[in-house]
2 protein chains.
Amino acid sequence: MEVDEQESLGSVPVALSPLERFEEYLQSRGQRNTEQRRYLVERVFSHHEHFDADQLMEQLPRKGHPNYVSRPTVYRTLKEFVDAGLLRSFELNGRAVYEHDYGYPQHDHLYCEKCHKLIEFRTEALTEIIASIAQLHKFRIRGHRLTVDGVCDACSKQRSRERRRQDRV
Amino acid sequence: MEVDEQESLGSVPVALSPLERFEEYLQSRGQRNTEQRRYLVERVFSHHEHFDADQLMEQLPRKGHPNYVSRPTVYRTLKEFVDAGLLRSFELNGRAVYEHDYGYPQHDHLYCEKCHKLIEFRTEALTEIIASIAQLHKFRIRGHRLTVDGVCDACSKQRSRERRRQDRV
DNA sequence: ATCGTTGCAAACGTTTTGCATAAGG
DNA sequence: CCTTATGCAAAACGTTTGCAACGAT
């Protein structure tokens, strides 16, 4: 579930930091700027990675330590981040996976069934196809999720190496 | 989760019926041709619809009645149908959704967030884009899932009608 | 007779809830 | 002070499992 560094799509310049944007969102809805929320924005945006609620929890301080955030609050806050446009979420193997949305370009994923890595890609052609399909069906688009399942280059090479090794035995 | 009849993509002629194909699959793997499996093939292929395990269970005979199939068996059998190539499955709102695969052309979906209807569409252009992306990344494709989220024509019309009604008050 | 399959009950992993307490505005 | 947010415990959700009884080959 890590991002392949070589596949990074760069970032889009934005006016406000994720924290500023979130604070603005909270204010506009009369919600509160709590320590937990501020801390989670900081942690979630400190590195660009795909993650699920559990992986995030593992990286956070344990119960009893400073900045501890309970599991329900993590779930509630991730949902708020999605509403606020900071994160995008999609489902993979029955769990919700999150990734940066704010300040990050729209993209889709290749999902390797062997190493479970998500490789990001971006293509204008896809956007155009979707737009024309939607027009045909008079469908108002809000977003899309495309996942291509298969086996990545590294895992294909690994498997053929293993097959060769087996042949020698 | 119903199929829009008007959006039906037709079917592809196949040599064997779903039941025959499944029986062949079972035989090839030394698995058994049980009454429950035969009954479920019949029910699942009696109409072309998207469905989840719960929706299927609701349509099946209740405990104590003839042809009753338990929940675990329904789950196990749906998984076998996917392995056998009879059904395709994808995740929607945290549940596994199934649709016919055998004898039905590859397609993708528009998902209406208002009425939760899945509209099927098919485009050759998408297949080509995915192939070229995969080639670029030396990625071996096994399949893909594209879902376009938004609001369908019917729901858009409904909402504007309601807005107009409100304006008159 | 063998061994895969079923139904039951109980577990599972993820996410959500009700509620009392804490803390932001 | 008035709410909203939090942490806790427990529930809810869809799905899977262990196991004894059953049934197909």
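These figures come from a predicted structure and were not determined experimentally. Below, chains carry the letters A, B, ... as their sequence lines are ordered, and counting in each starts from 1.
Within a 6.0 Å radius of CD in A:Glu20, other residues, nucleotides and ligands contribute more than 12 heavy atoms.
Residues A:Glu23 and A:Arg38 are in side-chain contact: their nearest non-hydrogen atoms beyond the backbone lie under 4.5 Å apart.
Remark: the backbone N or O of B:Arg95 is not paired with any side-chain donor or acceptor of B:Asp52 at under 3.5 angstrom. For A:Glu99 (side chain) and A:His50 (main-chain N/O), no donor-acceptor pair under 3.5 Å exists by modelled atom type. For the pair B:His144 (side chain) and A:Leu110 (backbone), a donor-acceptor distance under 3.5 Å is absent.
For A:Met57 and C:dT16, the CE to P distance is 15 Å, given to the nearest whole Å. When rounded to the nearest whole Å, the span between CG of B:Asn33 and C1' of C:dC3 equals 16 Å. If you measure from atom CD of A:Glu58 to atom P of C:dG13, you get 13 Å, rounded to the nearest angstrom. One atom, CG of A:Leu26, and another, C1' of C:dG24, lie 11 Å apart when rounded to the nearest Å. In this structure, B:Phe81 places its CZ atom 13 Å from P of C:dT5, rounding to the nearest Å. Taking atom CD of residue B:Gln27 and atom P of nucleotide C:dG4, one finds them 15 Å apart after rounding to whole Å. One interatomic measurement links the two molecules: CD of B:Glu91 to P of C:dT15, which rounds to 11 Å at whole-angstrom precision. Separating the CG atom of B:Leu78 from the P atom of D:dG14 is a distance of 15 Å, rounded to the nearest angstrom.
Where B:Asp54 and B:Arg38 each meet DNA chain D at their nearest nucleotide, the meeting point lying more 5' is that of B:Asp54. Taking the nucleotide of DNA chain C with the nearest heavy atom to each of A:Lys79 and B:Arg71, the more 5' of the two is matched to B:Arg71.
Using a cutoff of 4.0 Å between basic side-chain nitrogens and carboxylate oxygens, B:Asp153 and B:Lys157 are scored as salt-bridged.
A:Gln31 comes within contact range of the sugar-phosphate backbone alone, with a heavy-atom separation under 4.0 Å but no base atom that close.
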Check the interface with nucleotides 8-11 of chain C: list each N/O to N/O pair with the protein under 3.5 Å, or write none.
{"residue": "C:dC8", "atom": "OP2", "partner": "B:Tyr68", "partner atom": "OH", "Å": "3.3"}

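Of the listed nucleotides (D:dG7, C:dT15, C:dC3), D:dG7 has the atom at the smallest distance from the side chain of A:Thr73. Closest to the A:Thr34 side chain, of the nucleotides D:dT16, C:dG4, D:dA5, is D:dA5. Here the side chain of B:Gln36 is nearest to one of C:dG7, C:dG4, D:dG7, namely C:dG7.
For A:Arg37, a side-chain nitrogen or oxygen approaches OP1 or OP2 of D:dA5 to under 4.0 Å. Note on B:Tyr75: a side-chain N or O is less than 4.0 Å away from OP1 or OP2 of D:dT15.
Under 3.5 Å, the side chain of B:Arg95 and the base of D:dC13 form no donor-acceptor pair of N or O atoms.
Under the side-chain contact (heavy atoms from CB on, under 4.5 Å) test applied with A:Leu86, the options A:Tyr25, A:Tyr104, A:Phe45 reduce to a single match, A:Phe45.
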